[in-house]
Amino acid sequence: PGVRPDNLAYLIYTSGSTGTPKGVALPHRSAVAMVRWALRGWSAAELSGVLFATSVCFDLSVFELFVPLSSGGRVILADNALALPGLPAAGEVTLVNTVPSAMAELVRQGGVPPSVRTVNLAGEALPRPLVDALYGLPGVGRVWNLYGPSEDTTYSTFALQPRSDTRPPAIGRPIAGTRAHVLDRGLAPVPAGVPGELYLGGAGLARGYFGRPDLTAERFVPDPSPEIPGERLYRTGDRVRYRPAGPAAPGMEGELEYLGRLDHQVKIRGFRIELGEIEAVLAAQPAVESAVVLAREDSPGEVRLVAYVVP
């Protein structure tokens, strides 16, 4: 068809601080780079039956659909991840790729079939008790923690979780072709153990935001020390640090730890949510004078939005 690597492959819409969703424009080369990396990290046996339960409007679906088909495997369709136990082909699912909150509910229900060998978790913070619970299942041999914004083609870093560890799960190291930099406000690198903002560059980077050159220029910035002239970095808005060397982290020095957001954005069940958008809608109601919205975790692992209003 004459499609070239730099042609547009798809748009993924994600929340925007102005209240208007923004379309992330991904070229074919970025998606291909992610698929090639995945085919080196997961075996054909693991990819022989992948649960495809994520909406195509959410970028985890790019992994669930194109990676197994590229390896000769199958995609096993479901309306959502929680439908897994009732699927006729549930016993043929070898890999589940979903958000931690959905997987926690599957574990609670006893809904993970013994055929599942590998679990990929992404989209929100991964609690250590869930990792331990998954390794307690008879079939699960590998649990991965994956991190990445839509602006860098689904996944940017990955970490295979150890079977026994008291520290919070790390988001790991960059995938092949991706560069991760932890920088301060002056775009200078920070030492291991010191928090900073995560900037991403490399093969998975999006073109920018569709029809939003102003927002693209704000979030996709010139690389201050490019290996190739014209390279860019994406400002994630995520606060991270590199794990320092020490006896508490043998073999994990240099892995990235996620520490939270630098703005008012939160993630619940994998979805980006701008708290200011909800506050603006509430404050627009005639009966409301002002409003504040918080993400609360009253029960471990169960994050919900709570709004407070002044009538």
Side-chain angles (χ1 to χ4, degrees), residues 37-38 40-43 45-46 60 63 81 94-114 116-149 154-176 178 180-182 190-198 200 236 238-261 266-270 295 297 299-303:
W37 159 76
R40 293 194 294 269
W42 283 263
S43 68
E46 290 176 292
L60 294 191
F63 180 101
T94 55
L95 186 149
V96 178
N97 182 74
T98 190
V99 295
S101 51
M103 181 51 66
E105 182 61 18
L106 282 172
V107 171
R108 189 188 69 81
Q109 295 177 3
V112 181
V116 173
R117 296 289 181 263
T118 303
V119 175
N120 293 351
L121 297 170
E124 59 194 29
L126 174 59
R128 172 58 54 187
L130 177 56
V131 176
D132 297 336
L134 287 168
Y135 278 131
L137 299 177
V140 175
R142 298 209 297 177
V143 177
W144 293 92
N145 191 23
L146 299 131
Y147 161 89
T154 311
Y155 297 135
S156 306
T157 70
F158 69 123
L160 180 63
Q161 297 305 298
R163 285 185 173 269
S164 59
D165 188 10
T166 58
R167 302 187 67 172
I171 59 172
R173 294 179 168 84
I175 73 170
T178 292
H181 305 275
V182 184
V190 300
V194 175
E197 183 173 0
L198 179 60
L200 298 169
T236 66
D238 287 327
R239 188 168 174 263
V240 301
R241 69 170 186 169
Y242 280 110
R243 279 184 170 171
M252 291 185 288
E253 299 87 353
E255 288 199 333
L256 287 163
E257 288 182 328
Y258 177 81
L259 303 175
R261 290 290 299 176
V266 299
K267 269 199 171 184
I268 296 181
R269 289 183 283 282
E297 190 173 358
S299 300
E302 295 182 14
V303 182

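Both backbone and side-chain heavy atoms feed into the values below; hydrogens, waters and symmetry mates do not.
One finds the CZ atom of Arg142 at 5.5 Å from the OG1 atom of Thr118 (value rounded to the nearest 0.5 Å). Rounded to the nearest 0.5 angstrom, Ile175 CD1 and Arg40 CZ are separated by 9.0 Å. With values rounded to the nearest 0.5 angstrom, Tyr258 atom OH is found 13.0 Å from Leu126 atom CG. The distance from the CG atom of Leu200 to the OG1 atom of Thr157 is 8.0 Å, given to the nearest 0.5 Å.
Scanning all heavy atoms of the two residues, the minimum distance from Val119 to Val140 falls at CG2-CG2, 4.2 Å. Across every non-hydrogen atom of Ala170 and Ala159, the tightest pair is O-CB, 3.6 Å. Of all non-hydrogen atoms in Val131 and Pro169, the two that sit nearest each other are CG2-CG, 4.3 Å. The heavy-atom pair separating Pro162 from Asp165 by the smallest distance is CG-CB, 3.7 Å. The shortest non-hydrogen separation linking Ala133 to Val107 is CB-CG1, 4.0 Å. The minimum heavy-atom distance linking Ala125 with Pro100 is given by the pair O-CG, 3.8 Å.
Looking at Asn97, Val96, Val143, Leu60 one by one, the single match for side-chain contact (heavy atoms from CB on, under 4.5 Å) with Asn120 turns out to be Asn97.
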Margin query: Does Ile171 form a side-chain contact (heavy atoms from CB on, under 4.5 Å) with Asn145? I'd like the steps, not just the answer.
Written below: CA-CA 6 Å; Ile171 59 172; Asn145 191 23; 4.0 Å; yes
Check: Please walk me through it: do Leu121 and Leu130 pass side-chain contact (heavy atoms from CB on, under 4.5 Å)?
Finding: CA-CA 10 Å; Leu121 297 170; Leu130 177 56; 4.0 Å; yes
Next item on the list: Apply side-chain contact (heavy atoms from CB on, under 4.5 Å) to the pair Leu198 and Leu256, showing each step before the final yes or no.
Entry: CA-CA 9 Å; Leu198 179 60; Leu256 287 163; 4.3 Å; yes
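With sequence neighbours excluded, the residues that form a side-chain contact (heavy atoms from CB on, under 4.5 Å) with Glu297 are Val303.
Under the side chain to side chain donor-acceptor pair (under 3.5 Å) criterion, the residue pairs touching residues 122-135 are Ser101-Glu124, Arg128-Gln161, with sequence neighbours excluded.
Listed for the Thr98 side chain is no donor-acceptor partner under 3.5 Å among the backbone atoms of Met103.
Taking the six-membered ring where the residue is Trp, Trp42 and Trp37 present perpendicular rings, their angle passing 60° and hence far from 30°.
Of the charged side-chain nitrogens involved, at least one lies within less than 4.0 Å of a carboxylate oxygen, so that Glu257 and Arg243 count as a salt-bridged pair. Using a 4.0 Å cut-off between charged nitrogen and carboxylate oxygen, Arg173 and Glu255 count as a salt-bridge pair.
Side-chain contact, Asp238 with Tyr147: a donor N or O sits under 3.5 Å from an acceptor N or O.
Between Tyr155 and Trp144, the distance from one ring center to the other does not fall under 6.0 angstrom.
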